[in-house]
Enquirer: 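Structure incoming, see below.
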Amino acid sequence: MNNNSLLKKEGITNIKKLNRKDVTAISRDVAIKLCLAFPDYNLNRSYLFDVISTINMYTASIPNDNSGAKYIIDTNSIYFNNTVPFEDLPGIAMHECIHFLQMQNVNNCISNNIALNEAAVQLMAAEANMNTYQTEKLFGLSIKTNTPDYYPLECAIVKQLTYFTGDYPLYASTLNNNDIFKKTFINKFNKRIYNYIVKNLDKLLSLENDLHAYSVELSNATKEYNIKALNAIISSQKEDIANLFIKIQNYIIKNCFCIEFNNITDEYTLYDFKKSLYYFKDVIAYYDNYTYYNEFYCDMMNALENKKNQLEKLKTTNSVATSPTSLIIIDKKKPSLLLIYKTIRKLKKLIGMNVVENR
């Protein structure tokens with residue numbers, strides 16, 4: 001497919017190339033922000049500026065896209081929606097430039113999982129752009145997010161995953177396009193859980209893309225029966241999106257915390273688990289009458305009380321087993337310390353008696 005056909009397929013028209021001065025300004029802004037936001041990832045500001053400056057940058061009409069910009073690999077180009085003010089372009093470019101950096105690595109691992117990759121890239125972009133967190137109402141869900149306009153649901157789910165792994169493996173995988181995050185998560189939990197979440201993240205993104213297509217169709221509809229039918233579809237689609245999000249969230253809560261619960265071995269890991277479970281409330285989404293997390297939390301508190309009692313009994317048993325008055329099993333084939341001690345005492349007495357008799 002030639003470039004013109006590719007752009008036509010993407011709905012990109014009215015293309016105007018940015019001048020070199022604007023490209024330089026955007027490239028410098030992105031390079032500086034990435035280095036400041038991620039000092040632990042061996043990023044080089046000069047290198048980033050040089051490679052990002054090689055991207056072709058355009059403004060264009062992108063009617064079927066609500067992301068503000070689109071990076072086309074085949075043309076090594078970023079197309080900015082011409083409705084976006086120039087001062088906003090560096091912030092929007094961040095997401096697309098991270099995609100570009102991914103393509104500089106041949107591993108091609110995390111980018112195979114489209115929804116996971118888009119969320120990871122957007123989380124990094126939001127971090128680099130220093131976006132603040134705010135509570136948003138989306139599809140009936142109340143979500144705390146720093147990326148309300150781009151992939152907020154996918155980002156919320158991935159933030160729940162990094163609650164257990166930390167951000168470093170995810171961002172390392174995103175920048176280097178490798179499977180460090182996947183291996184880290186599977187090592188902590190298992191492959192079945194990872195595959196389930198990633199599969200449903202892709203399904204969630206697909207539903208959102210369909211919703212956007214229906215919304216575009218609705219904006220162009222003129223006949224009343226078409227408008228009515230599309231509104232019904234859109235309403236149903238929004239409900240499906242919210243239900244799938246909650247399904248994934250509840251799956252994470254149940255499976256991840258149950259595995260962590262089974263890994264409790266002492267009072268310290270019990271305390272860490274209790275604290276981790278409590279503060280997970282800050283990264284989940286809520287809707288009216290949502291009770292799953294609270295019910296799970298109460299059940300886990302009861303289970304933790306039982307676990308605490310078991311650990312205390314085990315500690316008491318071990319303490320008794322190692323006390324000076326506990327029974328000690330002696331290998332009859334080997335002389336015990338007690339037997340050696342008694343022999344020495346007898347020798348001392350004999351020596352003492354001999355001394356008395358010789359006086």
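The analysis underlying the following values was restricted to heavy atoms, covering all of them including side chains, and did not include hydrogens, waters or symmetry mates. For clarity, every value in this text was computed on a predicted model and none was experimentally measured.
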Enquirer: Given 3.5 Å as the limit, does a donor-acceptor pair link the side chain of Tyr151 with the main chain of Ala120, or not?
Expert: no
Enquirer: For Gln102, run the side chain to side chain donor-acceptor pair (under 3.5 Å) check against Asn117, Asn177, Thr174 and tell me which one passes.
Expert: Asn117
Enquirer: Applying salt bridge (Lys or Arg N to Asp or Glu O under 4.0 Å), which residue pairs with at least one partner in residues 280-289 are found, sequence neighbours left out?
Expert: none
Enquirer: Would you find a donor on one side and an acceptor on the other, under 3.5 Å apart, between the side chain of Asn44 and the backbone of Tyr47?
Expert: yes
Enquirer: Are any side-chain N or O atoms of Tyr58 and backbone N or O atoms of Ile78, one a donor and one an acceptor, separated by less than 3.5 Å?
Expert: no
Enquirer: Do Asn82 and Thr59 have side-chain atoms, one donor and one acceptor, less than 3.5 Å apart?
Expert: no
Enquirer: According to the interplanar angle, ranging from 0 to 90°, do the rings of Tyr292 and Phe296 count as parallel (below 30°), tilted (30 to 60°) or perpendicular (above 60°)?
Expert: parallel
Enquirer: Could you tell me which residues satisfy salt bridge (Lys or Arg N to Asp or Glu O under 4.0 Å) with Lys274, sequence neighbours excluded, listed by chain and number?
Expert: none
Enquirer: Are there over 12 heavy-atom neighbours, none belonging to Asn42, within less than 6.0 Å of that residue's CG?
Expert: no
Enquirer: Under the salt bridge (Lys or Arg N to Asp or Glu O under 4.0 Å) test, which residues partner Lys188, sequence neighbours left out?
Expert: Glu260
Enquirer: Quick one: list whatever passes ring-ring contact (aromatic ring centres under 6.0 Å, His included) with Tyr251, sequence neighbours left out.
Expert: Tyr196
Enquirer: Would you give the length of the straight line joining atom CD of Glu136 to atom OG1 of Thr147, rounded to the nearest 0.5 angstrom?
Expert: 10.0 Å
Enquirer: Measure from the side-chain N and O atoms of Asn231 to the backbone N and O of Ile227, and report whether any donor-acceptor pair falls under 3.5 Å.
Expert: yes
Enquirer: Other residues, nucleotides and ligands only: do more than 12 of their heavy atoms fall within 6.0 Å of CE on Met130?
Expert: no
Enquirer: With sequence neighbours excluded, what pairs up with Lys199 under the side chain to side chain contact (heavy atoms under 4.5 Å, CB included) test?
Expert: none
Enquirer: Identify, with sequence neighbours excluded, every residue that meets salt bridge (Lys or Arg N to Asp or Glu O under 4.0 Å) alongside Lys307.
Expert: none
Enquirer: In terms of ring plane angle, is the pair His99 and His95 parallel, tilted or perpendicular, where the classes change at 30° and 60°?
Expert: perpendicular
Enquirer: For this output row, return yes or no: ring centroids of Phe189 and Phe164 closer than 6.0 angstrom.
Expert: yes
Enquirer: With distance as the sole criterion, is a donor-acceptor pair present between the side chains of Asn19 and Asp22 under 3.5 Å?
Expert: yes
Enquirer: Partners of Glu217 by side chain to side chain contact (heavy atoms under 4.5 Å, CB included), sequence neighbours excluded?
Expert: Tyr214, Leu230
Enquirer: Give me the atom names and distance for the closest heavy-atom approach of Phe257 to Phe273.
Expert: O-CE1, 3.2 Å
Enquirer: By side-chain hydrogen bond (donor to acceptor under 3.5 Å, both in side chains), which residues pair with Tyr71, not counting sequence neighbours?
Expert: Asn76
Enquirer: If you draw a 6.0 Å radius around CD in Gln134, do more than 12 non-hydrogen atoms from other residues or ligands fall strictly inside?
Expert: yes
Enquirer: Would you please name every residue forming a side chain to side chain contact (heavy atoms under 4.5 Å, CB included) with Val84, sequence neighbours left out?
Expert: Asn81, Asp88, Leu89, Ile92
Enquirer: Has the side chain of Asn56 got a donor or acceptor atom that lies under 3.5 Å from a matching backbone atom of Thr75?
Expert: yes
Enquirer: Output all residues satisfying side chain to side chain contact (heavy atoms under 4.5 Å, CB included) with Ala156, sequence neighbours left out; order by chain, then residue number.
Expert: Ile143, Phe245
Enquirer: Hey, what's the ring geometry for Tyr171 with Phe38, parallel, tilted or perpendicular (30° and 60° as the breaks)?
Expert: perpendicular
Enquirer: So does Lys137 have more than 12 non-hydrogen atoms from other groups sitting under 6.0 Å from NZ?
Expert: yes
Enquirer: Can you list, by chain and residue number, the hydrophobic cluster partners of Tyr271 when the side-chain cut-off is 4.5 Å?
Expert: none
Enquirer: Is a side-chain N or O of Thr24 found less than 3.5 angstrom from the main chain of Arg20, in a donor-acceptor match?
Expert: yes
Enquirer: Name all residues meeting the salt bridge (Lys or Arg N to Asp or Glu O under 4.0 Å) criterion together with Lys33; count only those two or more places apart in sequence or in a different chain, and write none if there are none.
Expert: Asp29
